[in-house]
Enquirer: 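Please see the structure below; I have some questions.
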Amino acid sequence: MNRLVIERDRPRRDQAAEDLGPHPGVEVHSHFLGVPDTDVFAKRLGSHQAVLEAIVNIPGTKGRDQIAHEFDEDGKVKKRNVSGDAIE
């Protein structure tokens with residue numbers, strides 16, 4: 001892509017970013033030992049859905065209401081929360 005195409009697309013990108021709202025917060029983690037294959041966890045718990053449910057239910061977390069995105073009646077993201085994309 002050339003710079004002109006990218007610059008012409010800026011209004012669309014800015015509007016999309018505004019529609020999504022602010023980032024839910026700071027994400028701090030490390031892949032010092034590499035990125036684990038998600039299938040490892042899915043095999044241990046039975047499915048990828050089970051892995052996501054286990055993450056949502058970690059003791060001491062705020063639970064699904066604070067992790068999942070909130071949607072309006074049109075199905076658009078009204079409020080972005082932590083890990084909402086993962087559990088949708």
Enquirer: I'd like to check the side-chain hydrogen bond (donor to acceptor under 3.5 Å, both in side chains) partners of Gln15; sequence neighbours left out, ordered by chain and number.
Expert: Asp19
Enquirer: Only counting residues at least two apart or in another chain, list the ones meeting salt bridge (Lys or Arg N to Asp or Glu O under 4.0 Å) with Glu7.
Expert: Arg10
Enquirer: Ignoring hydrogens, what is the shortest heavy-atom contact between Thr38 and His48? Give both atom names and the distance.
Expert: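 Shortest heavy-atom contact: OG1-NE2, 3.5 Å.
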Enquirer: I would like to know whether Lys76 and Asp72 meet salt bridge (Lys or Arg N to Asp or Glu O under 4.0 Å); could you show each step before the answer?
Expert: CA-CA 6 Å; Lys76 292 185 178 181; Asp72 64 16; over 6 Å; no
Enquirer: Do Arg12 and Asp9 have side-chain heavy atoms sitting under 4.5 Å apart?
Expert: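 Yes, at least one pair of side-chain atoms sits under 4.5 Å.
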Enquirer: Just jot down the salt bridge (Lys or Arg N to Asp or Glu O under 4.0 Å) partners of Arg8, sequence neighbours excluded, or say none.
Expert: none
Enquirer: Looking at residues at least two apart in the chain, or sitting in another chain, which of them share a side chain to side chain contact (heavy atoms under 4.5 Å, CB included) with Ala50?
Expert: Leu45, Ser47
Enquirer: For residues 36-46, which residue pairs pass the salt bridge (Lys or Arg N to Asp or Glu O under 4.0 Å) check, not counting sequence neighbours?
Expert: none
Enquirer: So, taking the atom named CZ in Arg3 and the one named CD1 in Ile6, what distance separates them when rounded to the nearest 0.5 Å?
Expert: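 CD1 of Ile6 is found 8.5 Å from CZ of Arg3.
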